[in-house]
Amino acid sequence: MHTFKKTLVAAALVSAGAAAQAEVSGSVGIASSYLWRGYDLGYGSAVVSGSLDYASEPGFYAGIWGSSGDDAYGTEYDLYAGWGGEVFEGFSVDLGYVDYNYPDLAGSADFEEVILGLSYGPIGFTFVEPTTDGADYNYYALSGGFGDFSVTYGLWQDFGAPDADGSHLDLTYSMGDLAFTLSQSDDDGAGLSEEVQFVVSYSIPLD
């Protein structure tokens, strides 16, 4: 599910909505590990992914993202759709729905989320709410972009187990399609690694 993949579905939610001029686009990528919202889901294993997106002029979009998966859940594909656009000068809104699927587990780990993104200039805020029965958490992220650098602070809030909250701070430097990410987590029982994680990722857009 997952800076590579949620630099993936999250990135897809933002880019697909914003790039409404391109009706169909795609990408392929590889990363040294599967880092998602502070979690190293690949346990240090490399991951390969690809996406195919459709975006209409009014800002509606839909797409599919797939990856070689992680060590916990195996292969994965995600379906997503939503709307994104500038509502007034400098301020943009993105509202999307994501359906996460794990074929290797016969649907037992599948789940869905609604993701709301707000941005003004280089600053963005993301709010995540699960729609799957039994899922009782929220995820919040505040991000900013400054030239080739971007920084994200993410916070997990688990209502079912308050002692399982956690947070992470990611710093990314991008050189075109090549990106380097340092991630530091603060584990409050959420199962996050408190070791500094370093991920190298490379993506190729397919227009």
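Note that the structure is a prediction, hence the values are computed from the model and not measured.
- Using a 30° and 60° split on the angle between ring planes, W156 and Y137 fall in the tilted class, from 30° to 60°.
- A donor-acceptor pair is defined here as one N or O able to donate and one able to accept, closer than 3.5 Å; such a pair exists between the side chain of S32 and the backbone of V200.
- Using a 4.5 Å heavy-atom threshold, the side chains of I123 and L142 count as touching.
- Residues T126 and V128 come closest through the heavy atom pair CG2-CG2, 4.1 Å.
- The nearest pair of heavy atoms linking Y34 to G69 is CD1-O, 3.6 Å.
- Taking each heavy atom of S183 and G38 in turn, the nearest pair found is OG-CA, 4.3 Å.
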Next on the checklist: Apply side chain to side chain contact (heavy atoms under 4.5 Å, CB included) to residues Y100 and D110 and explain how you reach the verdict.
Outcome noted: CA-CA 6 Å; Y100 304 86; D110 297 355; over 6 Å; no
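- Inspection of the E129 and Y139 side chains reveals no N or O donor paired with an N or O acceptor under 3.5 Å.
- Counted by atom type alone, S203 and D177 present zero donor-acceptor pairs between their side chains at under 3.5 Å.
- Contact check for D53 versus Y80: side-chain heavy atoms found under the 4.5 Å cut-off.
- A donor-acceptor pair shorter than 3.5 Å cannot be found between the side chains of T181 and D170.
- For the atom pair OH (Y120) and CD (E86), the distance works out to 9.5 Å, reported to the nearest 0.5 Å.
- Side-chain contact check for D40 versus E195: every heavy-atom pair is 4.5 Å or farther apart.
- Checked by atom type, the side-chain pair Y39/Q197 shows no donor-acceptor distance below 3.5 Å.
- Proximity of S185 to L169: side-chain heavy atoms (C-beta onward) are nowhere separated by under 4.5 Å.
- Taking CG from D186 and OG from S167, the interatomic distance works out to 4.0 Å, rounded to the nearest 0.5 Å.
- The aromatic rings of Y102 and F111 sit parallel to each other, their planes meeting at less than 30°, with 60° as the upper class boundary.
- Annotation: side chain of V24 is in contact with side chain of L52 (closest heavy-atom distance under 4.5 Å).
- T132 and E112 share a donor-acceptor pair across their side chains, judged by distance under 3.5 Å alone.
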Item to check | Worked check of ring pair (Phe, Tyr, Trp, His ring centres under 6.0 Å) between F91 and F88 | outcome: CA-CA 5 Å; F91 182 78; F88 57 83; 5.0 Å; yes
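- The shortest non-hydrogen separation linking S174 to T172 is OG-CG2, 4.0 Å.
- When the ring-ring contact (aromatic ring centres under 6.0 Å, His included) test is applied to F127, the partners found at least two apart in sequence or on another chain are Y140.
- Side chain of D78 to main chain of W65: no donor-acceptor pair is present (N/O by atom type, distance under 3.5 Å, no hydrogens or angles).
- Looking only at distances, no side-chain donor or acceptor of D148 sits under 3.5 Å from a matching main-chain atom of F146.
- Defined by atom type and a distance below 3.5 Å, a donor-acceptor pair is present between the side-chain atoms of D104 and T75.
- By the 4.5 Å heavy-atom criterion applied to side chains, D70 and V47 are not counted as neighbours.
- In this structure, the separation between CZ on R37 and CG on L155 is 12.0 Å, given to the nearest 0.5 Å.
- Within the 4.5 Å cutoff, the side chain of Y61 has no heavy atoms near those of the Y54 side chain.
- Residues T152 and L171 are not in side-chain contact: their nearest non-hydrogen atoms beyond the backbone lie 4.5 Å or more apart.
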